[in-house]
Amino acid sequence: MKYRLPLQAGLMLASLLLVYIVHAEELFDTEGYRSSQYRSPTPSSLEGVQVLDTPALQQLLADRPDTQLIDVYRRPFVQDRFVEDAPHANLPGSLWLANAGDGNLAAQWQRYFTHYLHQQSRGDVRQPFVFYCRSDCWLSWNAARRAHAMGYRQLYWYRDGVDAWEQAGLPLVPAQPAELPGALLTPTATP
């Protein structure tokens with residue numbers, strides 16, 4: 001009888017640990033991209049990608065004006081068009097590739113992402129790209145990781161994104177996502 005309470009507590013702890021382990025595995029897909037709970041604390045680093053804070057981003061933009069800012073904040077896409085569910089603003093000069101930061105990226109969004117990165121880089125894998133979203137947003141982590149897997153080599157992750165930019169008193173501009181060309185909706189489309 002005196003061991004019953006510790007045994008029950010141990011079993012409860014073990015079952016909670018098992019639930020946590022199973023749940024943690026569901027957060028990432030088989031390729032290692034975050035596939036759920038996108039708004040949660042992010043890691044402080046990403047292999048092959050340099051993490052920037054606001055002063056470092058400002059310095060990069062001053063030193064390398066050819067740097068392309070890529071916003072990957074989500075936007076609903078219904079009946080082959082983006083639907084504005086709320087106004088969105090991003091950093092001046094950004095290209096908004098909505099939905100390109102999802103973990104389990106649907107084929108049309110992979111083609112969309114590939115198309116615009118290729119267009120912006122003109123095929124040069126040394127083109128500097130800065131990926132961002134909001135603070136605690138795995139979408140930009142996924143996008144930067146995906147660009148690295150595609151062979152791009154001058155990649156940056158503005159980890160705290162729009163929130164940090166705004167907190168620094170820097171301007172934001174109203175934004176609309178880059179169009180998803182009709183040709184990319186079909187499964188046989190190429191970038």
Side-chain angles (χ1 to χ4, degrees), residues 33-40 42 49 52-54 57-58 60-62 64-124 127-148 150 152 154-187 189-191:
Y33 294 100
R34 181 72 175 233
S35 58
S36 66
Q37 296 183 19
Y38 294 119
R39 290 302 303 268
S40 59
T42 55
V49 179
L52 302 173
D53 60 11
T54 303
L57 176 56
Q58 290 177 297
L60 175 65
L61 294 173
R64 294 285 313 261
D66 62 327
T67 299
Q68 179 62 63
L69 299 168
I70 307 288
D71 180 357
V72 293
Y73 194 69
R74 295 174 101 192
R75 169 64 52 97
F77 192 75
V78 180
Q79 296 181 350
D80 298 338
R81 67 183 185 87
F82 289 105
V83 177
E84 186 169 342
D85 56 341
H88 180 64
N90 61 22
L91 283 63
S94 294
L95 175 64
W96 182 11
L97 299 181
N99 308 334
D102 286 359
N104 299 313
L105 202 57
Q108 74 182 19
W109 299 116
Q110 179 65 51
R111 289 190 298 270
Y112 174 74
F113 187 65
T114 301
H115 168 80
Y116 279 106
L117 291 190
H118 183 77
Q119 182 183 70
Q120 294 301 308
S121 69
R122 295 167 299 288
D124 183 357
Q127 166 66 41
F129 286 112
V130 176
F131 295 92
Y132 72 93
C133 183
R134 305 204 63 108
S135 64
D136 295 328
C137 181
W138 285 86
L139 299 171
S140 53
W141 185 90
N142 282 342
R145 185 172 186 270
R146 186 169 283 117
H148 184 262
M150 292 167 60
Y152 290 97
Q154 292 200 18
L155 301 174
Y156 303 89
W157 176 33
Y158 184 39
R159 185 171 173 243
D160 291 323
V162 170
D163 298 323
W165 191 262
E166 189 172 34
Q167 285 174 349
L170 298 166
L172 295 171
V173 295
Q176 291 298 319
E179 176 187 350
L180 176 63
L184 298 181
L185 289 170
T186 60
T190 57

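Remember, it's a predicted structure, so these values are computed and weren't measured experimentally. The analysis underlying the following values was restricted to heavy atoms, covering all of them including side chains, and did not include hydrogens, waters or symmetry mates.
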Review point. Do S40 and R34 pass the side-chain hydrogen bond (donor to acceptor under 3.5 Å, both in side chains) test, and can you show the C-alpha distance, the side-chain angles, and the key distance before you say yes or no?
Key: CA-CA 11 Å; S40 59; R34 181 72 175 233; 2.9 Å; yes
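- A distance-only check finds no donor-acceptor pair linking the side chain of D71 to the backbone of N90 [under 3.5 Å].
- Residues passing the salt bridge (Lys or Arg N to Asp or Glu O under 4.0 Å) test with D66 are R64, sequence neighbours excluded.
- Among L52, L61, I70, the one residue that satisfies the side chain to side chain contact (heavy atoms under 4.5 Å, CB included) test with V130 is L52.
- In this structure, A143 and V72 approach most closely via the heavy-atom pair CB-CG1, 3.8 Å.
- In terms of heavy atoms, L139 sits closest to C133 at CD1-SG, 4.0 Å.
- The ring pair (Phe, Tyr, Trp, His ring centres under 6.0 Å) test with F129 is passed by exactly one of F113, Y156, Y152, W157: Y152.
- Side-chain contact between M150 and H118 is absent, with no heavy-atom pair separated by less than 4.5 Å.
- Considering every non-hydrogen atom in both D136 and D160, the closest pair reads N-OD1, 4.5 Å.
- Contact between S121 and Q127 at its shortest, heavy atoms only, is CB-CB, 3.6 Å.
- Using bins of under 30°, 30° to 60° and over 60° for the plane-to-plane angle, the ring pair Y73/H88 lands in the parallel bin.
- Judged by distance alone, the side chain of R159 and the main-chain N or O of W141 form no donor-acceptor pair under 3.5 Å.
- Residues forming a side-chain hydrogen bond (donor to acceptor under 3.5 Å, both in side chains) with Q79 (at least two apart in sequence, or on another chain): none.
- Taking the side chain as every heavy atom from C-beta outward, Q108 and L184 never approach each other to under 4.5 Å.
- Contact between A147 and L117 at its shortest, heavy atoms only, is CB-CD1, 4.0 Å.
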Could you go through residues 165-179 and list every donor-acceptor pair under 3.5 Å that involves a side-chain atom there, pairing it with any protein atom two or more places apart or in another chain?
from: W165; atom 1: NE1; to: P171; atom 2: O; distance (Å): 2.7
from: Q176; atom 1: NE2; to: E84; atom 2: OE1; distance (Å): 3.4

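- Listed by chain and residue number, Y112 satisfy the ring-ring contact (aromatic ring centres under 6.0 Å, His included) test with Y116 (two or more places apart in sequence, or in another chain).
- Taken from CG in N99 to CZ in R75, the straight-line distance is 9.5 Å, to the nearest 0.5 Å.
- Taking 4.5 Å as the limit, some side-chain heavy atom of Y38 sits within range of a side-chain heavy atom of D102.
- When all heavy atoms of N104 and S35 are compared, the closest pair comes out as ND2-CB, 3.3 Å.
- Taking 4.5 Å as the limit, some side-chain heavy atom of L57 sits within range of a side-chain heavy atom of L91.
- No side-chain heavy atom of L97 sits less than 4.5 Å from a side-chain heavy atom of W109.
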Check your understanding: Would T54 and Q58 satisfy side-chain hydrogen bond (donor to acceptor under 3.5 Å, both in side chains), going step by step from the backbone distance to the final call?
Key -> CA-CA 6 Å; T54 303; Q58 290 177 297; over 6 Å; no
Point to revise | Chi angles and distances behind the side-chain contact (heavy atoms from CB on, under 4.5 Å) call for R39, R134 | key: CA-CA 9 Å; R39 290 302 303 268; R134 305 204 63 108; 3.7 Å; yes
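- In terms of the ring-ring contact (aromatic ring centres under 6.0 Å, His included) criterion, Y33 has no residue partners (sequence neighbours excluded).
- Of the possible donor and acceptor atoms, one in the side chain of R146 sits under 3.5 Å from a partner among the backbone N and O of G103.
- Within the 4.5 Å cutoff, no side-chain heavy atoms of S94 are placed close to those of Q68.
- Ring geometry for F77 against F82 counts as perpendicular: the plane angle is over 60°, on a 0 to 90° scale with 30° as the lower cut.
- Legend: residues meeting ring-ring contact (aromatic ring centres under 6.0 Å, His included) with H148, ordered by chain and number and at least two apart, are absent.
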